[in-house]
Number of protein chains: 2
Amino acid sequence: MNAEGDETLHGRILRELEGRILSGEWQPGHRLPSETEIAAAYGCSRMTVNKVMTQLTRAGLIVRQRRAGTSVAQPGPQPAILEIQDIQREVEASKSVYGYRLLNRAMREANAGDTWLDPSEERLEVLELICLHSADGQPFCLEERQISLAAAADVSAVDFSVRPPGQWLLDTVRWSAAEHTIRAVAASAQASRALGIAKGTPCLSVERKTWNVGRPVTKVVLTYPGQTHALTARFTPASTKPAES
Amino acid sequence: MNAEGDETLHGRILRELEGRILSGEWQPGHRLPSETEIAAAYGCSRMTVNKVMTQLTRAGLIVRQRRAGTSVAQPGPQPAILEIQDIQREVEASKSVYGYRLLNRAMREANAGDTWLDPSEERLEVLELICLHSADGQPFCLEERQISLAAAADVSAVDFSVRPPGQWLLDTVRWSAAEHTIRAVAASAQASRALGIAKGTPCLSVERKTWNVGRPVTKVVLTYPGQTHALTARFTPASTKPAES
DNA sequence: GCTTCCGATATGTCTATACATAAAGGCGCG
DNA sequence: CGCGCCTTTATGTATAGACATATCGGAAGC
């Protein structure tokens, strides 16, 4: 089972059905053959076809109903998804040299302004970091991060002057939920100084909060100098694989 | 097979394994029992377990290798995903009254500035629309859209004074690929006038290009007045289902 | 002691079969 | 003529068995 046919049977069936749907050959609402018919066409058992159909269903490409049969799904109303890259990766993807610098590191008690923390827990300590990421020596992104010591005790012993906290956290602390918020903001005094731009310049701000089993771990605000940076993503209606460029 | 156990067997196995991974009980790298052992534990056949494992693999929660066995995957480096809502939906989700107004409608020949179009095709006509979406009477978002007549001939007969073009397109024209770009921009003269804000105010700009089988269909730029709008998404590392709020 | 080969192990794929369940459509009875 | 039941169809779930294939680890041979 190889030479040119180096492919599993259900892999082939999946690709062919997917192709007919994504290419538009089968329009939304089109009724497709029954499992039994497809199985006969490929000369395989129904279970094999069933596995494929299950995957297509999970991907949202088809809709199935008992007795009524299977039909191509209407494209979802908001199928848009954007993937946000890791900063170092992002810089190096554009063939630039990545640079990192720690601007500030401070430990403090949590106060009323830390709305991302659970207010029920008391006497929380927070590590506050301000870092600058650069590409080819030019300021690329300002990172303002807060880490809860309750969720990551080890963090107090780490010196973040060489390695960005984001990478350390990813390797060290589990996270079970996260939230992203993207805004356009005017550069603050601090941001304009660090990024070397005029105060009030439009900047893209990405805020990320992370939890571990309900407990807040970290909050980070990434500020990208305006106009020079954009978040981009390509995708297909509901494909089972990520969109290729 | 219901009452409280209203659940399929492989659904239960999936949830339980997923739970142990997402909760952190099984850390990344943790070797999990073989299919045969799990099957024995649940008193089911290996095929049933295999189906579950396949899904967990597709979701990126586990890594499998022949003979070596199955282990919990390292959390992906950039697992961040953002879902962008349809505008009317977005407005109504915040319990505001949605409003729509067509500001301009013009047909013209494509020119060199239309880089989103395929330059090989000649004599292309483009429908250009400018619309304003509002929430509770306040300007919410400015939409500047171009539609290729080659990809959607019917569009010339449609009057977009009542229904937003985005909805019409979703229902009428197939799309097979799309690309999103998010930027922070300073409000242009036109945007500031339409949105009732000062020129130069930071705005969130979402650009979406859509193709149908390689042919450009439409390009749209949505401009949201700065600071008042944000894109938000919640998610879990690599769950098989979307994150619940 | 080092390399090579081989068997044990765990996953990957596929089949044939069985029974459950939902629903469309036809049939019969009132 | 209309209502409800019942058959038929198609999917949903699960099983047991078979064979393929990659690879780890130890045994055999140099």
Side-chain angles (χ1 to χ4, degrees), chain A residues 1-18 20-21 26 28-74 240-241, chain B residues 1-18 20-21 26 28-74 240-241:
Chain A
M1 61 163 75
N2 28 21
E4 59 84 40
D6 185 12
E7 192 182 32
T8 68
L9 185 49
H10 71 251
R12 191 165 77 100
I13 302 177
L14 184 98
R15 265 198 320 101
E16 295 195 8
L17 294 180
E18 198 180 53
R20 278 201 262 265
I21 296 170
W26 284 347
H30 175 93
R31 162 77 182 272
L32 44 117
S34 76
E35 290 190 357
T36 320
E37 287 168 319
I38 296 177
Y42 283 94
C44 65
S45 82
R46 189 170 75 90
M47 267 303 290
T48 306
V49 177
N50 184 283
K51 235 177 160 171
V52 171
M53 301 300 255
T54 304
Q55 293 188 39
L56 288 174
T57 305
R58 289 182 66 86
L61 278 178
I62 59 175
V63 171
R64 318 195 73 191
Q65 215 166 4
R66 284 185 154 133
R67 157 76 207 191
T70 304
S71 51
V72 177
Q74 299 292 331
T240 50
K241 42 181 187 294
Chain B
M1 61 165 73
N2 27 21
E4 59 84 41
D6 185 12
E7 191 182 35
T8 69
L9 184 50
H10 70 251
R12 191 165 77 100
I13 301 177
L14 185 100
R15 264 198 321 100
E16 296 194 6
L17 295 180
E18 198 179 54
R20 278 201 262 265
I21 295 170
W26 285 347
H30 175 93
R31 161 78 183 269
L32 44 118
S34 76
E35 291 190 356
T36 321
E37 288 168 319
I38 296 178
Y42 284 95
C44 66
S45 82
R46 190 169 75 90
M47 267 303 290
T48 307
V49 177
N50 183 283
K51 240 177 156 168
V52 171
M53 302 300 255
T54 304
Q55 292 188 39
L56 287 175
T57 304
R58 289 182 66 86
L61 278 178
I62 60 176
V63 170
R64 317 195 73 191
Q65 213 165 5
R66 281 186 159 135
R67 158 76 208 193
T70 305
S71 53
V72 177
Q74 300 292 331
T240 51
K241 42 182 187 295

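Protein chains get the first letters and strands the later ones, always in sequence-line order, with residue 1 at the start of each.
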Inset, instruction - Could you note down all residue pairs passing salt bridge (charged side-chain N to carboxylate O under 4.0 Å, His left out) where residues 33-45 of chain A supplies at least one of them, sequence neighbours left out? - result: E35(A)-R46(A), E35(A)-R64(A)

Legend entry - side-chain contact (heavy atoms from CB on, under 4.5 Å) involving T54(A) - partner list, sequence neighbours excluded: N50(A)

Legend entry - Nearest-Å distance for atom pair NZ/C1', residues K51(B) and dA14(D): 8 Å

Inset, instruction - Look at the side chain of R64(A) against the base of dT11(D) and say whether a donor-acceptor pair falls under 3.5 Å; ignore hydrogens and angles. - result: no

Inset, instruction - Starting from P on dG25(D), measure out to CZ on R66(B) and report it in whole angstrom. - result: 18 Å

Can you name the atoms? Protein N/O to nucleotides 3-8 of chain D N/O, anything below 3.5 Å, with the distance.
none

Legend entry - Separation between CG of L14(B) and CG of L56(B), rounded to the nearest 0.5 Å: 5.0 Å

Legend entry - L61(A) side, atom CG; L17(A) side, atom CG - distance, nearest 0.5 Å: 10.0 Å

Legend entry - Length of the line joining N50(B):CG and dT15(C):P, which is rounded to integer Å: 14 Å

Inset, instruction - Provide, to the nearest angstrom, the distance between the OH atom belonging to Y42(B) and the P atom belonging to dT15(D). - result: 13 Å

Legend entry - Distance, nearest 0.5 Å, that separates CE of M53(A) from CG of L32(A): 5.0 Å

Inset, instruction - Identify, residue by residue, the members of residues 30-39 of chain A with a heavy atom below 4.0 Å from DNA chain C, and return them in order of residue number, or none. - result: none

Legend entry - Separation of K51(B) NZ from M47(A) CE (nearest 0.5 Å): 4.5 Å

Inset, instruction - By nearest nucleotide on DNA chain C, pick out whichever of Q65(A) and C44(A) is the more 5' one. - result: C44(A)

Legend entry - Distance in Å, Q55(B) CD paired with H10(B) NE2, rounded so as to fall on 0.5 Å steps: 6.0 Å

Legend entry - Side chain of H10(A) - closest among dT21(D), dA22(C), dC14(C): dC14(C)

Legend entry - Contacts of E16(B) that satisfy side chain to side chain donor-acceptor pair (under 3.5 Å) - sequence neighbours left out: R12(B), Y42(B)

Inset, instruction - Check every strand shown and say whether T54(B) touches a base, only sugar-phosphate, or nothing at a heavy-atom separation below 4.0 Å. - result: nothing

Legend entry - Length of the CZ-C1' vector between R12(A) and dC14(C), whole Å: 14 Å

Legend entry - Rounded distance (Å) that lies between atom C1' of dA18(D) and atom CG of L9(A): 16 Å

Legend entry - Rounded distance (Å) that lies between atom P of dT15(D) and atom CZ of R46(A): 16 Å

Inset, instruction - Measure the distance from CE on M47(B) to C1' on dT13(C) and round it to the nearest whole Å. - result: 8 Å

Legend entry - Point-to-point distance, once rounded to the nearest 0.5 Å, from CD1 of I62(A) to OG1 of T70(A): 5.5 Å

Inset, instruction - State whether T48(A) places a side-chain N or O below 4.0 Å from either non-bridging phosphate oxygen (OP1 or OP2) of dT13(C). - result: no

